[in-house]
Protein chains: 2
Amino acid sequence: MAAKRGDGPKKQSKQTNAAPQPAQEQAGEPPLSRERIVATAVEMLDAEGTAGVSMRRLADRLGAGAMSLYWHVDNKEQVLDLALDQVLEYRAPQQAGEPRDWRGDVAHLLEDWRAGMLRHPWSASLLPRRALGPGILGRLELLGGILSRAGVADADLNAAIWSLWNYVMGATITRASFDLTDADMAAAQQRLSTLGERHPTLERTRLLLDNDWDGTFRKGLDVLLDGLAARK
Amino acid sequence: MAAKRGDGPKKQSKQTNAAPQPAQEQAGEPPLSRERIVATAVEMLDAEGTAGVSMRRLADRLGAGAMSLYWHVDNKEQVLDLALDQVLEYRAPQQAGEPRDWRGDVAHLLEDWRAGMLRHPWSASLLPRRALGPGILGRLELLGGILSRAGVADADLNAAIWSLWNYVMGATITRASFDLTDADMAAAQQRLSTLGERHPTLERTRLLLDNDWDGTFRKGLDVLLDGLAARK
DNA sequence: ATGATACTAGTACAGTGTACGAGTCGGCGC
DNA sequence: GCGCCGACTCGTACACTGTACTAGTATCAT
């Protein structure tokens, strides 16, 4: 089996000589690295979605040969895993310090989570089947910490964390997938009407045309938080 | 542009002559049809997951040429759409009639939904970005009907439906994606420990080793239903 | 016989992920 | 100097993908 590289790419140069290498590349690309690959992958995903990213196109964008990526990365799956986890990471918002109410904290954390994913809609469709990276784990830890400090008993903590996670993920995935197909939803609502009387309720409430996603998300979240507060 | 076929495959023969066609196929395959294609696709998805299904392999399994499928189906996406919607359809459980409490009805409907998807784990990863077929719409209608009859005001109905949907979908997708990677979760929990003190809460509650998925699902659902009942 | 309709399927093309192996480069021990 | 080694790059090749195009057949109505 080939050498490949075991684990740590982190630092690649030990000589601090900052002189730009004067090779035949005239002021060209910075050297390939896992970070640069992932960052470029995120850019491409944002711009063209999952279908637009192939190893060859990604390498082109990096000014490298397709196979060169495989030195820094195991395979395409890993690129996507890393891209997803990077996007899901929690970037500390403002200084902590001031201890707000726990409900506000949880709501803020979760709404930020949702907003972050919606800013990169491909992340929602990538979520299933992808492993837990440090970004996700960091967020879960934050959530658990807030709940725990708010007085949720350890015995109930896991259920609380998962319930909130489930709700946020479901809402986000739903929103992201329907966002791209607004026309489809209108068409579906139309079809409901022509389909006769088989869906009276959906037709009456115009479920598929109600696009107050943010408000709906808030309402459901409030219901969940109410319930958690009640049995705390 | 080619003729293709506009819409309705439904019935292909009008002569009721039931004599098996005595062509060169000796008692071989039944004729190709959209239904048969979708049914076989579901079988293959169950057996080998999303990655195992290609148009060529699907056609092989049907005893047909790859391109023959395209007469009955627009493209591969549509095959997956149809497979998903078929799996998500609600098959009426027992006779209605006896009007149980609405909470029990909702819980039953949603748990059946979740169970059905988990029986076909690929459905969870297919959900994002797929359109609303009649199967899904049927279930949403049922859910809306129960809630409406239970007294939820029309103004709150959409939010209630979506909240429950979100929760169920999030829980199912999470469950399905982590199910296949139990080893990964153990590894992740392990990593938490070695990662030092950065995830004290998750480590303490052993979040990633708690695999009482069904119980957790029930608890969160109860919280939601409590909340809905309260503001009814 | 003629033609239309419904359907099947071979060939071909552009694109995919990635295994393999050859090649380049800089630094180290001699 | 020389040899060597490890880090890194990348061209070629292979098996495979979805599907456009086209030619073909089998059945029917006229």
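Just so it is clear: chains get the letters A, B, ... in the order the sequence lines come, proteins before strands, and each one is counted from 1. All of these numbers come straight from a predicted model, not from anything done at the bench.
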Run the numbers on Trp113(B) and Thr172(B) for side chain to side chain contact (heavy atoms under 4.5 Å, CB included), then give the verdict. CA-CA 9 Å; Trp113(B) 205 337; Thr172(B) 307; over 6 Å; no
Rounded to 10 degrees, the angle between the two terminal axes of the helix from dA1(C)-dT30(D) to dC30(C)-dG1(D), each from five pairs: 20°
Atom CD of Glu48(B) with >12 non-hydrogen neighbours under 6.0 angstrom: yes
Which residues share a side chain to side chain contact (heavy atoms under 4.5 Å, CB included) with Thr174(B), sequence neighbours left out: Trp162(A), Trp165(A), Asn166(A), Phe178(B), Trp213(B)
What's touching nucleotides 12-17 of chain D from the protein side, N or O pairs under 3.5 Å?
| residue | atom | partner | partner atom | Å |
| --- | --- | --- | --- | --- |
| dT17(D) | OP1 | Ser54(B) | OG | 3.1 |

Can you list the residues that meet the salt bridge (Lys or Arg N to Asp or Glu O under 4.0 Å) rule with Arg139(B), with sequence neighbours excluded? Asp112(B)
Over how many whole Å does the gap from Trp71(A) atom CH2 to dT18(C) atom C1' extend? 16 Å
Mind calculating the distance between CG (Leu69(A)) and C1' (dA19(C)) to the nearest angstrom? 15 Å
Tell me whether Asp214(A) is salt-bridged to Arg114(A), with the criterion being a basic N under 4.0 Å from an acidic carboxylate O. yes
For a quick check of understanding: with a heavy-atom distance under 4.0 Å over all strands, which category does Ala64(A) fall into, base, sugar-phosphate or nothing? sugar-phosphate
Within residues 38-45 of chain B: residues closer than 4.0 Å to DNA chain C (heavy atoms): none
May I have the distance from Ile37(B) (atom CD1) to dC7(C) (atom P), rounded to whole angstrom? 11 Å
Can you check the Tyr70(B) OH to dC21(D) C1' distance for me, whole Å? 13 Å
From CG of Asp60(A) over to P of dG15(C), roughly how many Å is that when rounded to an integer? 12 Å
Which is true for Ala66(B) with a 4.0 Å heavy-atom rule: it touches a base, it touches only sugar-phosphate, or it touches nothing? nothing
Roughly how many Å is it from CD in Glu48(A) to P in dG15(C), rounded to a whole number? 14 Å
Look at the side chain of Arg56(B) and the backbone N and O of Ala66(B), then say whether any donor-acceptor pair between them is shorter than 3.5 Å. no
Using a strict threshold of under 4.0 Å (side-chain N to carboxylate O), is an ion pair present between Arg119(B) and Asp46(B)? no
All heavy atoms of Val73(B) vs all of Gln78(B), minimum pair found to be CA-OE1, 3.5 Å
For dT9(D), take OP1 and OP2 only and decide whether either is under 4.0 Å from a side-chain N or O of His72(A). yes
To the nearest angstrom, the CG-C1' distance between Leu80(B) and dG18(D) comes to 12 Å
Can you pull the ring-ring contact (aromatic ring centres under 6.0 Å, His included) pairs that have at least one residue in residues 30-51 of chain B, sequence neighbours excluded? none
Starting from P on dG18(D), measure out to CG on Leu58(B) and report it in whole angstrom. 9 Å
Nearest 0.5 angstrom please: Arg130(B) CZ to Asp81(B) CG, how far? 5.0 Å
Could you tell me whether a side-chain N or O of Thr40(A) sits under 3.5 Å from a main-chain N or O of Arg36(A), the two making a donor and an acceptor? yes
